[in-house]
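Chain letters run A, B, ... following the sequence lines, proteins first and then strands; every chain starts at 1. Model, not experiment: these values are computed from the prediction.
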Amino acid sequence: MELNSSIPSGPLADKWTTHKAEIKLVNPANKRKYTVLVVGSGLAGASAAATLAELGYNVKCYCFQDSPRRAHSIAAQGGINAAKNYQNDGDSVHRLFYDTIKGGDFRAREANVHRLAEISVHIIDQCVAQGVPFAREYGGLLANRSFGGAQVSRTFYARGQTGQQLLLGAYQALEKEIKKGGVTMFPRTEMLDVVLVDGHAKGIVVRNLVTGAVDTHMGDAVLLCTGGYGNVFYLSTNAKGSNVTATWRAHRRGAAFANPCYTQIHPTCIPQSGEYQSKLTLMSESLRNDGRVWVPRRAEDVGKRPDEIADADRDYFLERKYPSYGNLSPRDIASRAAKEVCDEGRGVGPGGLGVYLDFRDSIRRSGEKTIAERYGNLFDMYQRITDENPYKVPMRIYPAVHYTMGGLWVDYNLMSNVPGLFVLGEANFSDHGANRLGASALMQGLADGYFVIPYTLGHYLAGRAPVGAGAAESPSARAAQADVEARTGKLLSIRGRRTVQSFHRELGRIMWDKCGMARDRAGLEWAIGRIGELRAEFWENVTVPGSGGELNQSLENAGRVADFLELGELMCRDALHREESCGGHFRVEYQEAGEAKRNDDAFAYVAAWEWKGEGQVQALHKEPLVYENIQLQTRSYK
Amino acid sequence: MNALWKFWDSSLGKKIVMAVTGLAGVGFVVGHMVGNLQMFAGAGAADAMHAYAKLLRTSMPLLWAVRAGLLACVVLHVTAALQLAARNRAARPQGYQQVTPQASTFASRTMLLGGILLVTFIVVHILDMTLGVAHPNFTHLDPYNNLVFGFQRPLMAAFYVLAMAALGAHLVHGAWASFRTLGLRKASERPLHRTIAVAVAIIVALGFMSVPIAVVIGALQPQGAASEMQASR
Amino acid sequence: MGGSSGRTLNLTLNVWRQAGPGSAGGFKTYQAKGISTDASFLEMLDVVNEELAAKGEEPIAFDHDCREGICGSCGMLINGTAHGPWKMTTTCQLHMRAFRDGETITIEPWRASAFPVVKDLVVDRSAFDRIISAGGYVSIATGNAPDGNALPIPKVDADAAMDAAECIGCGACVAACPNASASLFTSAKVSHLGKLPQGQPERYRRALRMVAQMDLEHFGGCSLHGECMEACPKGISIDHIMQMNRDYVAASWKGEPIAKAGGAG
């Protein structure tokens with residue numbers, strides 16, 4: 001397998017401009033002859049589908065939800081970064097670029113990240129023009145806030161619903177094109193395979209989730225905009241439907257999967273309250289500005305009410321371990337510290353999986369009214385879920401899986417190693433390295449969809465003959481569809497004794513324990529073996545009620561969990577091979593005085609895994625990361 | 001013409017027609033009710049009511065124009081109401097097994113029923129008090145005694161009181177909703193709040209009811225016909 | 001200590017089951033046993049469903065996705081109230097402590113001819129997409145937008161637009177409306193874009209087209225019962241309906257502008 005990143009030559013700041021000027025264009029009259037299949041309708045998918053249709057391409061867009069407006073981008077709260085420097089506080093494209101590379105712990109590509117920073121400013125303009133109601137100052141200009149410990153205020157936001165508003169902007173643009181006929185929308189439709197013709201991605205196999213009908217749709221390029229795979233952990237902040245199937249099926253057809261072990265764990269989520277728990281809810285990180293994180297100093301105190309524990313018996317562990325950053329330590333650091341104290345038996349709440357986030361001192365200092373003004377809506381949400389009043393008793397928080405930095409490998413043009421197969425947004429691996437900064441996910445999804453793919457897709461399509469009418473009858477298309485039908489039939493025919501959810505829960509527990517916040521060789525090796533066993537049991541003992549010819553949510557889930565059972569193993573293998581700690585990947589063997597220890601000499605590369613067939617171990621390919629413009633450093637928060 | 005038809009054909013257009021005609025109706029009933037209060041003018045009430053009837057007939061063409069206008073309002077209001085009710089019913093062919101109202105009121109939920117009662121009332125009222133054909137003792141241009149004799153029939157008085165209660169309920173929702181349908185209110189923290197409409201509804205309903213009640217309890221007695229009419233006899 | 005009180009409930013569920021779009025449906029009774037008061041309503045259904053699946057029976061189908069109250073997927077009529085007894089709360093955020101031990105809970109799908117039942121509690125809300133498609137956007141293609149600060153927008157206008165833009169498209173307004181009207185949904189979009197300068201060029205055309213689409217989808221008319229606003233998990237105000245009506249009257253008066261032939265050559 002060849003991994004050619006296709007990064008343009010020339011100075012970093014000129015690469016994208018030069019590239020745009022040099023790549024091939026498709027004649028306007030020819031664009032309508034090309035069909036582009038866009039899978040997913042979140043920020044990346046909706047923005048790409050709408051923009052490509054505006055350009056004149058014939059677009060088909062697919063989502064498993066009942067409407068494109070419901071993609072999980074909608075749940076992003078905090079904001080979107082852009083190097084506008086409206087606040088005159090020293091921001092610039094270069095600074096955003098540098099912060100993103102450093103935040104990613106020096107495991108992302110320079111050229112991609114610089115392009116992202118350049119484009120960020122256009123995204124804001126585009127969204128404002130669409131009518132996205134960003135927060136504004138009294139003078140009528142756009143408001144910004146500082147987010148995720150950034151030193152500049154570059155985050156644009158719409159209350160606590162920035163993702164929702166950006167997605168609705170893209171969704172409205174998509175609906176406008178649907179009305180004009182440029183986009184055909186296929187809601188409640190799930191992609192289950194990709195069709196390759198002569199090595200190029202030329203179609204997808206989809207299942208209509210209402211009728212159960214399996215069809216093959218052919219096109220001239222396939223865009224996977226299908227989000228991340230955090231649900232491999234069963235419990236995460238992802239939507240219940242978020243899944244890896246589209247990218248995993250593409251991986252099985254030859255697309256390399258890059259850096260699967262890079263997962264982001266967010267420290268401030270509401271802890272699990274019972275076995276029935278179906279997902280975890282994120283609480284804004286801003287709470288740590290006023291809340292103090294602690295657990296009882298002694299394990300025997302965990303059963304006591306928090307107000308029965310004297311100050312001397314409390315361990316404010318973040319303040320103790322990281323005196324200069326304290327409660328504001330970065331996400332990965334704060335998450336790991338919480339896990340450590342819980343592992344010591346000092347966690348609070350059900351199952352001992354929680355730490356206190358206490359507002360007592362700030363309420364004493366600033367008054368309840370001030371705290372209510374700052375966090376009232378979050379306190380209400382917390383109380384709704386837990387039935388505890390955080391003004392009176394400390395919140396309980398615990399880390400949860402939030403975002404996956406890994407994904408399908410793509411080159412500078414967002415094309416995977418399979419020609420014609422493009423991957424956008426969280427589904428690709430490209431911009432966040434080993435750790436994503438707050439407010440950067442929305443930026444990347446929209447950058448890819450609005451401003452990168454409209455150029456780079458044309459470069460691929462120019463001069464190619466449009467796919468013919470009979471393409472769906474080609475042998476590879478028929479074979480792919482037959483594979484999907486066989487797999488669906490197999491899932492329905494097992495009729496075992498164990499539910500899909502029970503497999504998913506067990507997989508999630510394995511992943512969380514062994515491939516979560518802290519990983520070690522023994523645990524990963526055990527997990528690889530155990531996941532293999534679990535997968536084997538799944539294919540013998542899963543029960544999927546109902547038939548394939550109707551809306552069957554159990555069947556949908558079963559297919560997704562089957563893919564997670566394969567992905568989980570690969571994540572463990574990736575984590576096992578990466579013998580260093582970086583960003584969201586922490587190997588307990590590789591630390592120095594309790595802090596992550598990167599190994600730039602041996603691991604400054606992208607790990608891209610190639611599918612080798614059923615029952616085979618994937619092959620590792622390395623794309624070296626070359627830093628020409630910045631100096632690699634070690635992060636320290638002591 | 002096409003635009004006008006489109007407007008009428010749309011649910012929102014019909015609703016706006018209902019609001020405009022409804023408000024015209026509100027204006028009419030308020031005026032009518034105030035006129036009726038002259039029944040309580042004491043010894044000269046029959047004269048006052050007669051003078052009032054004559055005043056309304058100052059210009060017969062104008063009177064007929066107003067009557068035609070009111071009739072048109074009623075026809076439009078009722079037509080739109082029936083058409084919308086049919087559309088609304090079709091919009092939910094299968095109902096719920098259980099519904100727990102959260103914000104709607106008795107008034108809002110009984111607009112159609114109350115409206116049908118009011119249309120019936122209008123027909124009866126015109127036959128009874130305007131044309132006199134359903135009246136036991138009708139004298140043209142002697143509204144005071146027509147009312148008193150009319151309401152000495154307890155069942156008819158009860159029907160009037162009931163109809164006016166229905167009118168009040170209709171106004172509690174309709175007078176408020178018309179302004180909002182027409183977009184004539186400012187945005188509000190409590191958009192369902194409606195002091196003025198409730199006050200208007202109560203005043204109109206009580207004002208109208210006062211006459212039949214006063215007759216039934218004997219507070220209003222027949223008077224000699226108005227002096228002008230006696231002279232002309 | 002944990003959650004509230006760690007209490008559990010035994011409940012009887014009276015759930016609408018319907019095999020498919022054309023099939024006849026009916027209520028079926030299920031027992032939900034040992035449900036924690038800290039579970040969400042959908043987690044309670046998960047528990048029931050997993051028991052059904054383990055027995056090889058078909059679980060109750062319902063739409064859900066984010067489970068944090070923002071995607072708008074979930075929604076059902078719970079004891080006669082859209083999204084259940086808690087105000088400004090989606091079904092996924094409703095928690096079981098809202099119910100009493102031994103209670104019978106009736107669960108029905110949204111009912112409207114514009115929202116046909118797909119299966120059990122799942123309905124087809126694509127009519128909402130078509131209403132947006134009819135005009136709920138600003139016609140601007142990617143790539144030629146002026147600077148975001150080129151056009152100052154008063155904070156009150158931006159905030160008012162945001163109030164309307166919070167709509168999650170769940171359909172509770174239609175479900176709760178005695179007329180099955182989509183006026184709150186439609187007006188929220190008309191109002192969101194109508195309050196912003198970017199939305200002005202298409203303001204009247206938008207109102208005409210979106211209102212016309214509402215009728216085409218066979219939603220009922222608005223009688224201002226106010227049920228929609230009470231059911232709305234985002235608390236969208238019926239004030240937006242006033243704005244839609246004003247724009248619609250003005251638009252009807254002006255008529256839809258007829259585009260002149262383009263400037264070819």
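Between A/Gln553 and C/Lys119 the shortest side-chain heavy-atom distance does not fall below 4.5 Å. With contacts defined as side-chain heavy-atom distances shorter than 4.5 Å, the pair A/Glu275/C/Ser36 does not qualify. Side chains of A/Gln77 and C/Ile70 form no contact here, defined as non-hydrogen atoms less than 4.5 Å apart.
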Output, in order, the C-alpha distance, side-chain angles, deciding distance and verdict of salt bridge (charged side-chain N to carboxylate O under 4.0 Å, His left out) for C/Asp163 and A/Arg159.
CA-CA 10 Å; C/Asp163 287 341; A/Arg159 292 195 187 143; 2.9 Å; yes
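The two residues A/Gln164 and C/Ala165 make their nearest non-hydrogen contact at NE2-O, 4.0 Å.
No other option in A/Gln277, A/Gln65, A/His122 has as many heavy-atom pairs under 4.5 Å with chain C as A/Gln277.
No salt bridge links C/Lys189 with A/Glu175; every basic N to acidic carboxylate O contact stays at or beyond 4.0 Å. Between C/Asp157 and A/Arg136 no salt bridge is recorded (no basic side-chain N to carboxylate O distance below 4.0 Å). A salt bridge is absent between C/Asp65 and A/Lys279; no separation between the charged side-chain nitrogens and carboxylate oxygens falls under 4.0 Å.
When heavy atoms are compared at a cutoff of 4.5 Å, A/Lys180 does not approach chain C at all. Proximity to chain C (any heavy atom under 4.5 Å) is shown, for A/Ser47, by neither the backbone nor the side chain. With a 4.5 angstrom heavy-atom cutoff, A/Arg384 touches chain C via backbone and side-chain atoms both. Within the 4.5 angstrom heavy-atom criterion, atoms from both the backbone and the side chain of A/Leu141 approach chain C. Heavy-atom distances place both the backbone and the side chain of C/Gln93 under 4.5 Å from chain A.
The backbone N or O of A/Ser67 lies less than 3.5 Å from no partner atom in the side chain of C/Arg125, so there is not a single donor-acceptor pair.
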